[in-house]
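Both backbone and side-chain heavy atoms feed into the values below; hydrogens, waters and symmetry mates do not.
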Amino acid sequence: MLGMKFGKLYALVCLCAFALPAIAGVNVSGPGNGATVSSPVHFAATASSACSKGVAAMGIYTAPFVLAYKVNGSTLSANIAMSSGTQYPVVQEWDNCGSSTKVQLKVNVSGSSGSTGSGGKTFSNLQKSGGWTGYALLPPGFGICGGCTPTGSNVKWSWTQGVSSTSMDGISTKSSYNGGTTQWADILWNNHLIGDFSSQGLPDFGKTLIPTLHNFTYDVYFWIGNTSDSQALEFDINQFVGGKSYIWGHECRLDGGHEWDTWSNPGQHWVASGIPCNPKSNAWNHLTISVARTSDGHLLFKSITLNGSTANLNRYDTPTSTNWYGVTVNYQIDSDYYKTPYSVYLDKFTFSAW
């Protein structure tokens, strides 16, 4: 069931480059300092530390307090969407002794190497980010249950971040439907990334960023014990701009028929795609969803890639009206007829908009 249509759209730091001893520091091999580049920008770097326990992780800040990418270990290689103009990204390492070093770069971003022109944003490891709010959606209308709580009797749920077991990198999130008295209950989690109620420090008050964003990818790894315990899993991308609501809803029906559905914005119902959805039980599944807002103001459902197999949708849809402004992501798990409790682990959740 689609939950997002009922939901509400929920000190300057000096980061300076400095010389480091040979035994500790960040070595950026690309982009070069002062280079002119196109978005997405390819970053490649290594790190060393005086800590006897070595380097724990490396990351890229695209602006103060905006950690766009983080990876465990002493080697970093990533493509990061950046806005056009002169930018001052910071590459940082953290060691296992509690210290860190960083290097600031100056790069001139000439625009996007794609078709949309002017830059964008990438958010990495969203599963461990702040800003997630959970809601229960109950039949028959599947509106948000205002009186429901995670430990209530109607439906129970939980969201546990920083999980080290059943994890790819020690920072997965465990999302759980924990049963209850209500049949067919759904649990929706929503995060406001850009615009109104931004959890990422990107309110875009001047409304200069969101209108430039036309392409979106939702890339996540998920692990589920027994796929037959779930009625469906849902992954949604939402953009609210220019008085229009663009909802790219994607639902993997499991007990419901092992097929991908996409959301009809004007019709407010699911549209069967004919594309199979068969994630693996007791294993990590890699999902990438690609969508676009076209130049003439339509939604384009482009493709779904599950475990390396890409299916092209190429379905167009029409937006509806809204007063909201922002870019948000949703994730939802649906209970089955038997109200069977189950958990899904999320890891390496990356969302890109450009």
TODO: Consider only side-chain heavy atoms of I, L, V, M, F, W and Y, link residues closer than 4.5 Å, and tell whether Trp284 and Leu346 are in one cluster.
DONE: no
Open item on the list: Do Ile237 and Val271 sit in one hydrophobic cluster, given that two such residues count as connected whenever their side-chain heavy atoms are within less than 4.5 Å of each other, even indirectly?
Closed with: no
Using a 4.5 Å cut-off on heavy atoms from C-beta on, say whether the side chain of [Y] contacts that of [X].
| X | Y | value |
| --- | --- | --- |
| Lys102 | Val26 | no |
| Leu233 | Val344 | yes |
| Thr340 | Asn226 | no |
| Leu213 | Ile194 | yes |
| Pro266 | Asp317 | yes |
| Trp223 | Asn282 | yes |
| Val163 | Ser172 | yes |

Open item on the list: Set out, in order, the CA-CA distance, both residues' side-chain angles and the distance that settles side chain to side chain contact (heavy atoms under 4.5 Å, CB included) for Phe235 and Phe349, then state yes or no.
Closed with: CA-CA 11 Å; Phe235 311 88; Phe349 185 174; over 6 Å; no
- [ ] Look at the side chain of Ser230 and the backbone N and O of Thr227, then say whether any donor-acceptor pair between them is shorter than 3.5 Å.
- [x] no
Task: Gln183 side chain vs Lys339 backbone, donor-acceptor pair below 3.5 Å - done: no
May I have the list of side-chain donor-acceptor pairs in residues 301-308 shorter than 3.5 Å, sequence neighbours left out?
unit_1 : atom_1 : unit_2 : atom_2 : d
Thr305 : OG1    : Thr310 : OG1    : 2.7
Asn307 : OD1    : His286 : N      : 2.9
Asn307 : ND2    : Asn285 : OD1    : 2.9

Open item on the list: With rounding to the nearest 0.5 angstrom, report the CG to CD distance, Asp255 to Gln231.
Closed with: 5.0 Å
Task: Value rounded to 0.5 Å, distance of CD1 in Ile247 from OG1 in Thr262 - done: 13.0 Å
TODO: Give a yes or no on whether Lys174 atom NZ has more than 12 heavy-atom contacts from other residues, nucleotides or ligands under 6.0 Å away.
DONE: no
- [ ] Establish, yes or no, whether the cationic atom of Lys70 lies under 6.0 Å from the six-membered ring centre of Trp94 and within 45° of the ring axis.
- [x] yes
- [ ] Carefully, step by step, assess Asp261 and Arg253 under the rule side chain to side chain contact (heavy atoms under 4.5 Å, CB included).
- [x] CA-CA 7 Å; Asp261 294 338; Arg253 286 189 278 115; 2.5 Å; yes
TODO: Test Asn238 against Thr328 for side-chain hydrogen bond (donor to acceptor under 3.5 Å, both in side chains), laying out the working first.
DONE: CA-CA 5 Å; Asn238 315 309; Thr328 73; 2.8 Å; yes
Task: Trp263-Trp248 aromatic ring centre distance below 6.0 Å - done: no
- [ ] Give me the ring orientation class for Phe351 and Tyr218: parallel if the planes are under 30° apart, tilted from 30 to 60°, perpendicular past 60°.
- [x] perpendicular
